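Every chain is numbered from 1 and lettered A, B, ... according to where its sequence line falls, protein lines coming before strand lines. Because the structure is predicted, anything quoted here is derived from the model rather than measured.
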Amino acid sequence: MASPYNITISSGTGEEGILNGSYKVSADVTGYENSSIEPTSVNVVAGTNTYSFSIAASGSLTLHVTEDGTSSGTPVVGATFSRTDSKGTKYGDSVTTDSSGNAVLVNVPYAEADAPIIYYVQTSSDGDHEFSSVVASTTMTSSTSTIEIQNSAAATRTINLTDANYANLPIESGTVTLTNN
Amino acid sequence: MVKIRCINPKSISIFNYKIKIYDEFGNLIECGYTRNNTYIFNNKKCGLYRLEVFNRYLYPYIVRLYFIPTSNIYIYFNNNSSTFYLTDKNYIGLPIERGELRLWQVPTI
């Protein structure tokens with residue numbers, strides 16, 4: 001009997017030739033709670049060749065957003081983040097910064113050594129601050145961790161409005177509206 | 001004499017393949033198990049026979065064929081080649097980058 005089968009998982013997938021039968025399932029995934037594997041048993045039967053499992057982690061990653069990116073900076077309220085994979089595909093619900101500027105990604109993996117990489121992306125700020133929409137990453141060696149993120153206040157811009165037919169003649173009063181494309 | 005040999009290219013394990021042989025009239029004339037994955041069929045006469053080979057652990061589960069016992073017979077089985085997906089329970093669809101699943105066979109009574 002070839003049991004137990006050790007199936008190596010890479011990027012969410014593993015492949016193995018398995019005899020038909022009933023099996024108990026266990027997991028060895030660094031950074032995750034191995035006892036949380038589901039389902040814990042599986043029937044491998046002829047004609048069915050794909051089987052899906054899930055596993056949970058228990059760490060908390062706090063994303064602290066301020067104007068200057070320091071722990072004591074002015075908090076930015078209403079910034080949103082999502083967890084992603086390395087390519088930027090989003091998974092799960094987004095989280096939003098509270099009055100302290102904190103958004104918490106829960107159930108993320110951590111490990112003292114060889115911790116999995118956690119990818120996340122900021123998807124919006126509060127409308128008055130700049131933000132980066134580039135996918136960022138981190139690893140956690142303990143169950144909680146905080147990352148300081150800067151969302152700079154929008155810079156003051158000077159808008160000039162002149163008469164199209166009289167070069168440089170300023171328009172005395174009026175309003176220019178800029179709308180996001 | 002004809003050797004009926006059952007082969008699983010992905011395993012060197014020895015399985016007990018169940019063998020049934022019927023004569024041309026559909027009468028069961030032999031029923032037994034392989035030894036070392038091989039069954040010896042001592043045919044009394046040359047004719048058309050029907051062979052059935054069973055192994056509930058392998059694919060296909062049953063092989064049926066007709067044969068005239070003039071040369072040895074080789075039958076190929078495979079383990080199921082299965083794909084296993086492991087994702088994050090709280091971030092639906094997020095693939096687990098690396099890890100290992102272990103499957104322990106539950107004995108059947």
Taking atom CG as the centre, does A:Asp68 end up with more than 12 heavy-atom neighbours from other residues, nucleotides or ligands that are less than 6.0 angstrom away? yes
With a cut-off of 6.0 Å (strictly less than), are more than 12 heavy atoms of other residues, nucleotides or ligands near CG of A:Asn168?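 Open: at most 12 neighbouring heavy atoms sit under 6.0 Å from CG of A:Asn168.
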Spacing of CG belonging to A:Asp28 relative to CZ belonging to B:Arg98, to within rounding of 0.5 Å: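 If we round to the nearest 0.5 Å, A:Asp28:CG and B:Arg98:CZ are 11.0 Å apart.
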What distance do A:Ile37 atom CD1 and B:Leu86 atom CG have between them, rounded to the nearest 0.5 Å?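 That separation rounds to 5.0 Å.
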Interchain contact, A:Thr89 with chain B, by part (heavy-atom threshold 4.5 Å): neither
Which atoms of A:Asp114 are under 4.5 Å from chain B, going by heavy atoms: the side chain, the backbone, both sets, or neither? both
Is the shortest heavy-atom distance from the side chain of [X] to the side chain of [Y] under 4.5 Å?
{"X": "A:Ile55", "Y": "B:Lys89", "value": "no"}
{"X": "A:Ile117", "Y": "B:Glu97", "value": "no"}
{"X": "B:Thr83", "Y": "A:Asn49", "value": "no"}

Would you name the heavy atoms of B:Asn90 and A:Ala57 that are closest together and state the gap between them?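 Here B:Asn90 and A:Ala57 meet closest at ND2-O, 4.2 Å.
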On a heavy-atom basis, which atom in A:Gly12 and which in B:Pro95 lie closest, and how many Å separate them? CA-CB, 3.7 Å
Cluster question for you: counting only ILVMFWY and a side-chain heavy-atom cut-off of under 4.5 Å, with indirect links fine, are A:Leu61 and A:Val29 together?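 No: no chain of side-chain contacts under 4.5 Å links A:Leu61 to A:Val29.
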Carefully, step by step, assess A:Tyr32 and B:Asp88 under the rule side chain to side chain contact (heavy atoms under 4.5 Å, CB included). CA-CA 9 Å; A:Tyr32 284 78; B:Asp88 193 303; 3.0 Å; yes
Atom group of B:Ile96 that falls short of 4.5 Å from chain A, counting heavy atoms: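 Both parts, backbone and side chain.
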Show your working on side chain to side chain contact (heavy atoms under 4.5 Å, CB included) between B:Leu103 and A:Ile7 and close with a plain yes or no. CA-CA 8 Å; B:Leu103 269 58; A:Ile7 301 155; 3.7 Å; yes
Passes side chain to side chain contact (heavy atoms under 4.5 Å, CB included), B:Tyr91 versus A:Leu105? Steps please. CA-CA 10 Å; B:Tyr91 295 87; A:Leu105 287 170; 4.1 Å; yes
For B:Thr87 and A:Tyr91, run side chain to side chain contact (heavy atoms under 4.5 Å, CB included): C-alpha distance rounded to whole Å, both residues' side-chain angles, the deciding distance at 0.1 Å, then the answer. CA-CA 11 Å; B:Thr87 56; A:Tyr91 297 92; over 6 Å; no
